[in-house]
Amino acid sequence: DGDAIAIGCGSTTWLFSKTLHGLQDLTVITDSLFVAVELAGEPGIEVRLTGGIVHHSSSVTYDDRAVEFLSSVSVDKVFISVEGISLRSRSVTAMSHLNAVERGIFCCGGHVYVLADHTKFENATVVERLGTFDEIDLLITDDNIPPELLKQAVSSGLSICP
């Protein structure tokens, strides 16, 4: 209640948005049509959509207008999902066509929470760096991470809440 938050795109963040129903005096900034529609009918939640072109398969808004909008806002917390988590480079990645907007979301908040399941670790897809472990306050994930991988992640400086 009372926060201003940003929520990035993806199925994980959309599922997270479902937990926000019933909150009061909450402002949500998002580039995801799915998140916006999920929360649009909530009387205690104001939804601000970044705007721009709607991507055909992900229903995410993106272009220079979205990036410009995100550069002008500041929120308490950011909740973002990622395509991959690289222990080698100590970074998280996003799909290249979404990187500028997702980076805008990533950078507009005081605290950054990455929401990602165990399959995102060492995910080798065609992606671009979104941010580094130093920029992430907490990775929220499931409890299916192999113990050795979890140990490596924590040793790499990633704070994890499984």
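Index from 1, following the sequence.
- Around CG of D64, the count of heavy atoms belonging to other residues, nucleotides or ligands within 6.0 Å does not exceed 12.
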Margin query: side-chain contact (heavy atoms from CB on, under 4.5 Å) for I136 and F106? Distances and angles first, verdict last.
Written below: CA-CA 9 Å; I136 299 168; F106 192 92; 3.9 Å; yes
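- Considering all non-hydrogen atoms of both residues, L130 and R103 come closest at O-NH1, 2.7 Å.
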N/O donor to acceptor pairs below 3.5 angstrom from side-chain atoms of residues 154-162, sequence neighbours left out:
from : atom 1 : to   : atom 2 : distance (Å)
S155 : OG     : K151 : O      : 3.0
S156 : OG     : Q152 : O      : 2.9

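- Taking CG of L150 as the reference point, atom CZ of F121 lies at 7.0 Å (rounded to 0.5 Å).
- Within the model, atoms OG1 of T27 and CG of L23 stand 11.5 Å from one another, a figure rounded to the nearest 0.5 Å.
- Considering CD1 of I145 and CG of D143, their distance stands at 8.5 Å, rounded to 0.5 Å.
- Placement of I140 and V35 within a single hydrophobic cluster is found when ILVMFWY residues are connected by side-chain heavy-atom separations under 4.5 Å, directly or transitively.
- Remark: D134 pairs with R90 by the salt bridge (charged side-chain N to carboxylate O under 4.0 Å, His left out) rule, at least two apart or across chains.
- Residues satisfying the side-chain hydrogen bond (donor to acceptor under 3.5 Å, both in side chains) criterion with T132, sequence neighbours excluded, are E135.
- For D76, there are no salt bridge (charged side-chain N to carboxylate O under 4.0 Å, His left out) partners, not counting sequence neighbours.
- Residue pairs meeting the salt bridge (Lys or Arg N to Asp or Glu O under 4.0 Å) criterion with at least one member in residues 18-33, sequence neighbours excluded, are K18-E38.
- Partners of S32 by side-chain hydrogen bond (donor to acceptor under 3.5 Å, both in side chains), not counting sequence neighbours: none found.
- With hydrogens and angles ignored, the 3.5 Å screen pairs no side-chain donor or acceptor of N144 with any backbone N or O of H118.
- The two residues A6 and C108 have their closest heavy-atom pair at CB-SG, 3.8 Å.
- Every residue two or more places apart in sequence or in another chain that forms a ring-ring contact (aromatic ring centres under 6.0 Å, His included) with F79 is listed here: F16, Y113.
- The side chain to side chain contact (heavy atoms under 4.5 Å, CB included) check on S89 picks up S86, S91, R129, with sequence neighbours excluded.
- Taking NE2 of H55 as the reference point, atom SG of C9 lies at 9.5 Å (rounded to 0.5 Å).
- Rounded to the nearest 0.5 Å, atoms CD (E42) and OG (S17) are 10.0 Å apart.
- In this structure, CD1 in I29 is found 10.5 Å from CD1 in I7, a value given to the nearest 0.5 Å.
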Show which side-chain atoms of residues 44-54 pair as donor or acceptor with protein atoms under 3.5 Å away, not counting sequence neighbours.
from : atom 1 : to  : atom 2 : distance (Å)
E46  : OE2    : R48 : NE     : 2.5
E46  : OE2    : R48 : NH2    : 2.7
T50  : OG1    : T61 : OG1    : 2.6

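- Hydrophobic clustering keeps L70 apart from L39 (ILVMFWY residues linked when any side-chain heavy atoms are closer than 4.5 Å, directly or through intermediates).
- When hydrophobic clusters are built by joining Ile, Leu, Val, Met, Phe, Trp and Tyr residues whose side-chain heavy atoms come closer than 4.5 Å, directly or via intermediates, V78 is grouped together with Y62.
- With sequence neighbours left out, the side-chain hydrogen bond (donor to acceptor under 3.5 Å, both in side chains) criterion links D3 to K77.
- Distance alone, capped at 3.5 Å, is enough to place a donor-acceptor pair between the T141 side chain and the A116 backbone.
- Listed by chain and number, the residues in a side chain to side chain contact (heavy atoms under 4.5 Å, CB included) with V67 are A100, V101 (sequence neighbours excluded).
- Within a 6.0 Å radius of NE2 in H21, more than 12 heavy atoms belonging to other residues, nucleotides or ligands are found.
- V114 is connected to L149 through a chain of hydrophobic side-chain contacts under 4.5 Å among Ile, Leu, Val, Met, Phe, Trp and Tyr, so both are in one cluster.
- No chain of hydrophobic side-chain contacts below 4.5 Å, direct or via other Ile, Leu, Val, Met, Phe, Trp or Tyr residues, connects L115 to I80.
- By the side-chain hydrogen bond (donor to acceptor under 3.5 Å, both in side chains) test, D117 is found to be paired with T119, residues two or more places apart in sequence or in another chain being considered.
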